[in-house]
Every structure is written in structure tokens, then in C-alpha cells.
Amino acid sequence: MKRLILSLAFAAFPFPALAAEFDVEIHNPTRGLYFTPLLVAAHAESVTLFESGEAASSNLRAMAEVGDLSGLTNFLNAAGANIAENPASGLLAPGESTVTTINTGSAVANTQLSVVAMLLPTNDGFLALNSLTVPTEPGTYTYTLDAYDAGTEANNELRGSESVGQPGMPVPAELDSELGTNGTGAASTVEGYVHIHRGNLGDTNLSGGPSDIVSTLHRWLNPVALVTVTVK
Amino acid sequence: MVFPRYMLLVLPLAALVAGCGSDNDDNDPLTGARSFRYQVTITNLSAGQPFSPAAVVIHRSQWQAFTLGNGASVELERLAESGDNEAFLAEAGADASVLATETGMGLILPGATAEIPASASGSSDSGFLLTWMSMPVNTNDGLVGIRGIDLSELSTGDTRTYLAITYDAGTEANSESADTVPGPAASGLAEGFNAARDDIRDAVYIHPGVVTLDDGLDTSTLEGIQRWHNPIARVRIERVQ
């Protein structure tokens, strides 16, 4: 009987410190890169979206090649993650910010924060915050994110397909007017593993040259994203 | 070239600062204010980007040099386009949230290290932040620096090291042309500051690097040696009192 009362007491007064609520603000500080819809997730330590140096999962590949979040979202939902999908309601343009709130509620094991989105224009480049342990002390914390290459598609830097596994880059309307045309293709091969992106090559020839990417607009130096976490 | 002219302005300021420093060594028995002194040591890690004289500001969180994604102040624009930090430091110094401003004494050449003393007084160092800004001078409107470093975590004798990245003020097109780049890689005849804002957007962003003539940008006066990666500088902050 005593034991029952104790457990009832615990049920009525769970440890509030174990649940976490925090805001995640994502800023695009680049000169000319667009972020595809962002995936923000709090998940358990046993879950990871990718491992640098290893081959990308098919779910990560779909995100990195065409901005498709459905595979990663299904994977995370199955793992009991708290997910904020597409907080910017579409592309996050250079210089823009978006914010979302994550509340882990009863999912106290979801101590890790991951944020990913494809970078356009690239073939299979993406930004990533990979399993950050969210601080428990209230405060504001800023993190800088580097650009990764999923290693699943050759960086030919040409306009191309919105289908996974097809060469070339998806071209949303925002980029259609900026990119060059009729490039011959930058020399490239499928790298085979997730790594730090080498950056865009691009060229200054809008109607030819090796690349449809514009070197004066679409290059970057890391970091490519700023994430500010505010723990309440 | 704007730097020789400006360095003449900087030297008397620096002499003034050096002369005043010892007066602030002791605590003020009337106000209870304590003096907090720091040594800021900046090393230029680039191959071909001299830094303009350092602008160092000790401030509280209500002041910042810029907000990413927002337009630069005219004073920051002047620093980023010409390397002249006088207006930037004057504007900062007039802000109620700024405790101290200091300027370095000259260009920080690639591979070189500069030491800038800075000090501020208060009843405690709670909320003290440090910002450094310079221009990588072989750019149109680049900035290098660290922003809002928390000084209150430093005890006397402590040293912390930070790595700095580059920003673009977003106030001038990145033509890299000889008539717009003020640094020694260009003609030396560049105009430096120009109030017109003609970059792709009027907002501060992280610098994408320079393309250079060697890499196919026909308008560029720059060469491969002027390219860089982040981090472009190392900053050591020591609390000396």
C-alpha cells in the first residue's frame, strides 16, 4: 500500500526539470545560398541522422539531393523524436531567419538536437547540426553550422532533376533567374561518404562554361548557418 | 591608399591611451569602481589579407557592432569599405552601453601579431563583452572580428583563445576591382568609402571569400594569394587585472 501511494505521488508530480522546452532560431548568413525546408528534431542519444566519413542513409540522401524530408521524418517519428518540420514554410532565403519551439514533454530521453536542410544551389550539399546535447541551464546559446556533402551525387553543378539519384540540381523559381545555363559540367564523381563540402566552384559564364553555378554569388566560406537555442 | 593618412590619426590616440593607463590601476575608494584590464592579442592567419587597425570595444549586451541579416551602420560601412575605424569607434564610444574603445596602431600584416590593451571599470565585470573589428583590406567591404565575447568568465591571469571569421558588410558590390579595393593588392587609388549601397542586398552576411582574377573574375584586381578560409585570425584575450 505504501508503495502504491508513492508511485501515485510520482505520477501526479513528475520531475518537471527533465522535460525541456526551447526555441530554435535558424539564420541564413550566406551571400547567396537558399536552405530547403528545415528539419528540426529533438531525439534520443541512440538516434543519429548521419555519421561523417560513413555512407549516407537513403533518407539523408533524399534530403541532401532534393530537399525531401519525408524519409528522415518517418525515421525520427518511429524513434519517438519531437519534430518541427519546415518552420520557414518553404525556402529560407539568404539573410532570413526562422524560429520554432521544441517541447520534449514526456519524452525525457530526447536530449539531442539535430537540424538539417539542403543547400541550394548544390548537388548534394546540406547544413547540419548533428546531435547537439541541449543545455539544461536556461540561457541563450549560439552554434555555427558547417556545410556537408552527402557524397551521393557528383557535383556537376548543372541544372537538373528534382528526383533522387538523378544528376544535377533542383532549381526552384528563386534560383532560376540567378543560375547560368548550358554548362558543360564540372568534373566530379560520387564521393561515397558524408564529408565537409569542398564548396562550389562556379564560373562567371552565364551561358556556358563548366558550371551553371555563379562564382560571384553562390560560393561560401563556413559557417553556412547560425542556430540560436534559447532554453526556457 | 587610405592607411598612411589614417595611421597618422591613430598614433596620437594610441599615445594618449598609453599615457592614461596607469591612472586606472587602482580601485576608486569613492565609487567602489574596480578597473579591469585586458590584453587583446590578434594574429593574422591569412596569406594575403592585411587587417586594418583593430577597433576594440568593451560593451554590454545592448550594443553590438552589427546584426547578421540587418543593414550595417554608416560607421561600420566606413570601416568595412576603407579600413578607417575612427567613426566606428566614435559612434560606439557615444553609446551608453559601451564602456571603452581602443584602436590598434597600424595594419596587422599577414602572419603578424598585434597587441591591443583595453580596460574598463565597474563595480564588477558582470556583463562585460568584447568585440573586435578590422577590415581585411584587399576586399570591397569585408570585416574580420569577434563579437560579444564574455569577459566575466576571465579571472586575473586567465587567457582564452578565439578564432575569427570574416563578414561582408553588404554595402558595396564585390567587384574586387582596382578602383574599389583599398588594400595594397589593388592600385592604391581606390576611393575606399562610398555612401552608395550596391551589393546584392543591404545586410551584413558571412563573407563568401574572394573569387580573384586567377579564378576567372575578369573585373578582379586580386590574385590567388588574397583568398582565405575561415578562421582568418586568432585572438587571445588575457585579463591582466
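First the proteins, then the strands, lettered A, B, ... as listed; each starts at 1.
- Using a 4.5 Å cut-off between heavy atoms, B:Ser220 does not touch chain A at all.
- Separation of atoms CG (B:Leu68) and CG (A:Asn28) is listed at 10.5 Å; rounding is to 0.5 Å.
- Contact of A:Leu226 with chain B is made through the side chain alone, with heavy-atom distances under 4.5 Å.
- Interface remark: of the candidates A:Pro29, A:Pro223, A:Gly32, A:Pro29 forms the most heavy-atom pairs closer than 4.5 Å to chain B.
- Around CZ of A:Arg31, the count of heavy atoms belonging to other residues, nucleotides or ligands within 6.0 Å exceeds 12.
- Once rounded to the nearest 0.5 Å, the distance linking CD1 of B:Ile206 with NE2 of A:His27 reads 7.5 Å.
- Heavy atoms only, all atoms of each residue included: B:Arg201 and A:Gly95 are closest at NH2-N, 3.4 Å.
- Of residues 191-222 of chain A, those residues with a non-hydrogen atom less than 4.5 Å from any non-hydrogen atom of chain B are, in numerical order, A:Thr204, A:Ser215, A:Thr216, A:Leu217, A:Arg219, A:Trp220, A:Leu221, A:Asn222.
- Residue with the most contacts toward chain A among B:Tyr167, B:Trp228, B:Tyr205: B:Tyr205 (heavy-atom pairs, distance under 4.5 Å).
- In this structure, OG1 in A:Thr144 is found 9.5 Å from CG in B:Asn230, a value given to the nearest 0.5 Å.
- Neither the backbone nor the side chain of B:Asp218 has a heavy atom closer than 4.5 Å to any heavy atom of chain A.
- When the shell of 6.0 Å around CD of A:Glu174 is examined, it contains more than 12 heavy atoms from other residues, nucleotides or ligands.
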